[in-house]
Amino acid sequence: MGFENIKGIIFDFGFTLYYFKNATVEKYLDCYEQGLTRCSQKLAEMDILNNRSEERRFRSKFNKKRMKSFQLSRKTSEEYPTTDLFREVGDEMRLYISDEEYSQIATLYHSCEEEEWIPYKNTADTLQRLAKLDLNLAVLSNHPHHITIENMLKSHGLTKYFDVIITSASFGKRKPHPAIFKHTLKKMGFGEDEASHILMVGDEYADIMGAHRMGLQKIFFQRTFEFPFEKEIPLDNYEKIKEITEILNYLLVNNGDPGGI
Ligand SMILES: [Mg+2]
């Protein structure tokens, strides 16, 4: 029959399982500014930043580092975790902040974003149906702060559906780098020889090309919001969906009748 049995599904997070409410680039950037304000306020309350000029210096140093690391990470597939950027700023300004506190500050920085990402209306239902099949499910997200992805899944009650949650922050490299896909397969309990039995679902070049190069099956989620710098996918024939529930049809066709969905 030529059907490839699917043993596991890897989901991208942003604009695949979740969407950013009323997404615009301005709103996205504004969210980060708000997050940074929360951080500098918190550090002022803790008497770590002592005056307005220190707060300004802190913010400006951080924003420069973030901008630079953002550009670098897209060129090299290297991730620069938010916690590390805050630690670099803290070291340069000789602030006394513990590792635990740096991580909390990074969580605070992403806290505004955390409130704005919400699951598509059919995400929970689709995951619930997939969980009933004997499939191993994973989240693989390019995000600079692991806890933020975990928090967002937790706050919408979706953590229970996933065997594995991998972020570029926790691994160190970003999609489409092959190492993060290999790492994800391994964590899911699959060998590289099983790659063709794993399905990747994502909305970006990094998801589809990363999966393609690893020999995974792939579904492109066509989001309606267009990114300012979209990288075109140089493939002719690949599966596209507009709705997350369409994954169930794909399984039905490609897996034979899984029954009960
Ligand atoms: Mg995405």
Side-chain angles (χ1 to χ4, degrees), residues 8-25 27-29 31-32 70-71 73-75 77-82 110 112-124 126-127 130 137-153 155-156 158-159 161-162 164-171 173-178 180-181 183-184 198-214 216-235 238-247 250:
I9 306 179
I10 305 172
F11 288 93
D12 166 52
F13 180 87
F15 289 107
T16 298
L17 294 173
Y18 282 53
Y19 69 100
F20 195 75
K21 271 184 278 174
N22 308 315
T24 62
V25 176
K27 188 185 165 196
Y28 193 67
L29 296 177
C31 215
Y32 280 118
F70 180 83
Q71 286 161 348
S73 71
R74 263 96 194 140
K75 263 187 226 156
S77 287
E78 202 77 30
E79 186 60 277
Y80 299 89
T82 308
H110 291 284
C112 172
E113 168 188 23
E114 221 179 281
E115 295 153 16
E116 298 297 325
W117 285 103
I118 52 172
Y120 288 105
K121 74 174 194 309
N122 291 323
T123 294
T126 303
L127 290 172
L130 292 173
L137 304 182
V139 171
L140 173 54
S141 171
N142 275 348
H143 196 281
H145 193 54
H146 186 82
I147 293 167
T148 299
I149 295 293
E150 284 192 341
N151 284 350
M152 292 190 285
L153 292 169
S155 64
H156 295 279
L158 301 181
T159 312
Y161 297 119
F162 298 103
V164 176
I165 298 166
I166 310 282
T167 60
S168 53
S170 67
F171 182 68
K173 299 246 184 286
R174 294 171 60 86
K175 297 175 283 186
H177 199 287
I180 195 167
F181 284 91
H183 175 72
T184 304
I198 312 303
L199 170 65
M200 172 79 208
V201 186
D203 68 304
E204 270 190 84
Y205 175 98
D207 302 307
I208 299 305
M209 289 316 288
H212 180 70
R213 289 174 195 142
M214 278 296 293
L216 308 183
Q217 296 186 43
K218 53 212 176 283
I219 293 183
F220 180 66
F221 191 100
Q222 291 180 294
R223 88 183 101 74
T224 47
F225 172 65
E226 217 173 297
F227 290 171
F229 303 104
E230 197 85 58
K231 212 166 166 185
E232 210 163 305
I233 298 167
L235 299 174
Y238 54 96
E239 205 75 33
K240 300 179 184 87
I241 60 172
K242 286 187 169 155
E243 244 282 10
I244 193 158
T245 51
E246 290 176 60
I247 294 170
Y250 180 87

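Counting starts at 1 for both ligands and their atoms, in listed order.
- Minimum-distance N/O/S atom of D203 relative to the Mg ion (ligand 1): OD1.
- Contact annotation: G202 places no N, O or S atom under 2.8 Å from the Mg ion (ligand 1).
- The Mg ion (ligand 1) has no N, O or S atom of E204 under 2.8 Å away, backbone or side chain.
- Remark: at the Mg ion (ligand 1), atom OD2 from D12 and atom O from G14 enclose 90°, rounded to the nearest 10 degrees.
- In this structure, the ring of H212 has its center no less than 6.0 angstrom from the ring center of Y238.
- Residues H145 and E113 bring no donor and acceptor atom of their side chains to less than 3.5 Å of each other.
- Neither side chain, T148 nor H143, offers a donor N or O lying under 3.5 Å from an acceptor on the other.
- At a threshold of 2.8 Å, the Mg ion (ligand 1) has no backbone or side-chain N, O or S atom of D207 nearer than that distance.
- More than 12 heavy atoms of other shown residues, nucleotides or ligands fall within 6.0 angstrom of atom NZ in K21.
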(message) Using side chain to side chain contact (heavy atoms under 4.5 Å, CB included), reason through F15 and W117 one step at a time and then give a plain yes or no.
(response) CA-CA 9 Å; F15 289 107; W117 285 103; 3.5 Å; yes

